[in-house]
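Before any comments, here is the structure.
Scope of the values below: all heavy atoms of this structure, side chains included, with no hydrogens, waters or symmetry mates. All values reported here derive from a predicted model rather than from experimental measurement. Below, read A as the first sequence line, B as the second, and so on, with proteins coming before strands; counting in each chain starts at 1.
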Number of protein chains: 2
Amino acid sequence: MSDSAATSDGLLFLTDEQLRKGIEAMFFAYRGFTADPDRILEGMDYGRAHHRAIHFIHRSPGTTVSNLLAILGVTKQSLNRVLRSLIEDGLVRSDKGREDARERHLFLTEKGLLLERELSDAQRARMRAAYRAAGPQAVQGFRQVLEAMMDPEMRRQYNRLKEGGT
Amino acid sequence: MSDSAATSDGLLFLTDEQLRKGIEAMFFAYRGFTADPDRILEGMDYGRAHHRAIHFIHRSPGTTVSNLLAILGVTKQSLNRVLRSLIEDGLVRSDKGREDARERHLFLTEKGLLLERELSDAQRARMRAAYRAAGPQAVQGFRQVLEAMMDPEMRRQYNRLKEGGT
DNA sequence: CTTGGAATGTCAACAAGGCTGACGTAAATT
DNA sequence: AATTTACGTCAGCCTTGTTGACATTCCAAG
């Protein structure tokens, strides 16, 4: 079971094989991670891109379009396609900014909140099950490795999202 | 720092907020995870789909197309498009099976091995850095949570890949 | 030996969701 | 007044996924 050994200099001794297993774990786990929301969304007109927008709007109500662009790391054309459909369908509300009227502040509507609930219930259920199966120690490590794996810019975004979490 | 507390019944006390942070960690970390190979492949005619095929052929030399289909979870048409280009470009060799001549056994050529090296060097470098930053304890937990997050079928595939790893 | 089904390959058509480039408008800033 | 910022939108392209249909090859069962 013990794969990675600490050496006397405090570093880790990591074989290619251990690293490859980590890489494959990411690959397979990410599939599970997205599976439930994907299932819920298929049939509705939406996909993963809509889910991501909904998630982060829920997370930071009133966020601006540019902020969302930075978090999602896509082009405005790409995001706009998604936002347009969500707004048309009444899941998202877009308010002109009062301080700066060029900005649009995004909120989930009642209807949007309902879908967000459904999606995140499914995703959190899986996350909760995984956490419980792995135990408290593991949860710590999981988050630490993931955070270390992010690009610095993404890590900043991650840590800015509601000072909850860690 | 301590987020998740063990309760007296041995379960974990997990708030929605903690679970959401985990979800977001997966999202941002996966971006980092794919960033380096993506960068290498852009400009070449290949993409993430080619990388995945190369990775798993390298991992299980001589694997069949059906086996690869099961691992990657895509349609044969989709995989075939990728394989065709890799074979045409001389990165992958496809040998008619000797036992069962309907099957094709897939191998990386010299050229294919070179690209695999380049891609996996980059990806392993990031993984190694993340592991080292997080420490040995964390690595254990990371793998445990990811494994628990997989769909059972994917977990089987994951554990079958060369009994290395854990 | 024939036949059914499995494994593979391929063609066509389509959709989601990325991308670039160009352009327009309103509002803030200088 | 001129420039820059924030946003929206049109048009077109690419990758990678999908379904459906069909051909080939070959193992295995009847």
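- Between the P atom of dC14(D) and the CG atom of Leu41(B) lies a distance of 18 Å, rounded to the nearest Å.
- Checked by atom type and distance alone, the side chain of Ser78(B) never pairs as donor or acceptor with a backbone atom of Thr75(B) at under 3.5 Å.
- Distances shorter than 4.0 Å separate some side-chain N or O of Thr75(B) from OP1 or OP2 on dT18(D).
- Looking at His55(A) and Gln123(A), their side chains never bring a donor and an acceptor atom within 3.5 Å of each other.
- Between the CG atom of Leu86(A) and the C1' atom of dG8(D) there is a distance of 16 Å, given to the nearest Å.
- A straight line from CZ of Arg84(B) to C1' of dG17(D) spans 15 Å, rounded to a whole angstrom.
- Judged purely by atom type and a 3.5 angstrom limit, Ser94(B) has no side-chain atom pairing as donor or acceptor with the backbone of Arg104(B).
- Contacts between residues 43-52 of chain B and DNA chain D, defined by a heavy-atom separation below 4.0 Å, involve Gly47(B), Arg48(B), Ala49(B), His50(B), Arg52(B), listed by number.
- Residue Gln77(A) places a side-chain atom within donor-acceptor reach of the base of dG21(C), judged by atom type and a 3.5 Å distance cut-off alone.
- Ring pair Tyr158(A)/Phe28(B) is perpendicular by interplanar angle, where above 60° counts as perpendicular and below 30° as parallel.
- The 12-atom threshold is not exceeded at CD of Gln137(B), counting heavy atoms of other residues, nucleotides or ligands nearer than 6.0 Å.
- Using a 4.0 Å heavy-atom criterion, one finds that Arg81(A) contacts the bases of the nucleic acid, with or without backbone contacts as well.
- Here dA6(D) presents its C1' atom at 12 Å from CG of Asn80(A), a figure rounded to the nearest Å.
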- Query: For nucleotides 23-30 of chain D, read 5' to 3', which letter fits each nucleotide if B means a protein heavy atom sits under 4.0 Å from the base, S means only the sugar-phosphate is that close, and - means neither?
  - Reply: --BBS---
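- Atom CG in Leu69(B) sits roughly 10 Å away from atom C1' in dA7(C) (whole-Å rounding).
- If you take CG of Asp38(B) and C1' of dC14(D), they are 14 Å apart, rounded to a whole angstrom.
- Side-chain N or O atoms of Asn159(B) include one that pairs as donor or acceptor with a backbone N or O of Arg155(B) at under 3.5 Å.
- Checking Glu103(B) against Val82(A), the closest nucleotide of DNA chain C that is more toward the 5' end is the one next to Glu103(B).
- When the C1' atom of dC19(C) is taken as reference, atom CG of Leu72(A) falls 15 Å away, rounded to whole Å.
- Side chain to side chain, Thr64(A) and His105(A) fail the donor-acceptor criterion of an N or O pair below 3.5 Å.
- Side-chain N or O atoms of Arg31(B) include one that pairs as donor or acceptor with a backbone N or O of Leu72(A) at under 3.5 Å.
- Applying the side-chain hydrogen bond (donor to acceptor under 3.5 Å, both in side chains) rule to Asn67(B) yields the partners Thr63(B); only residues at least two apart in sequence or on another chain are considered.
- Rounded to an integer number of Å, the gap from NE2 of His105(B) to C1' of dG9(C) is 16 Å.
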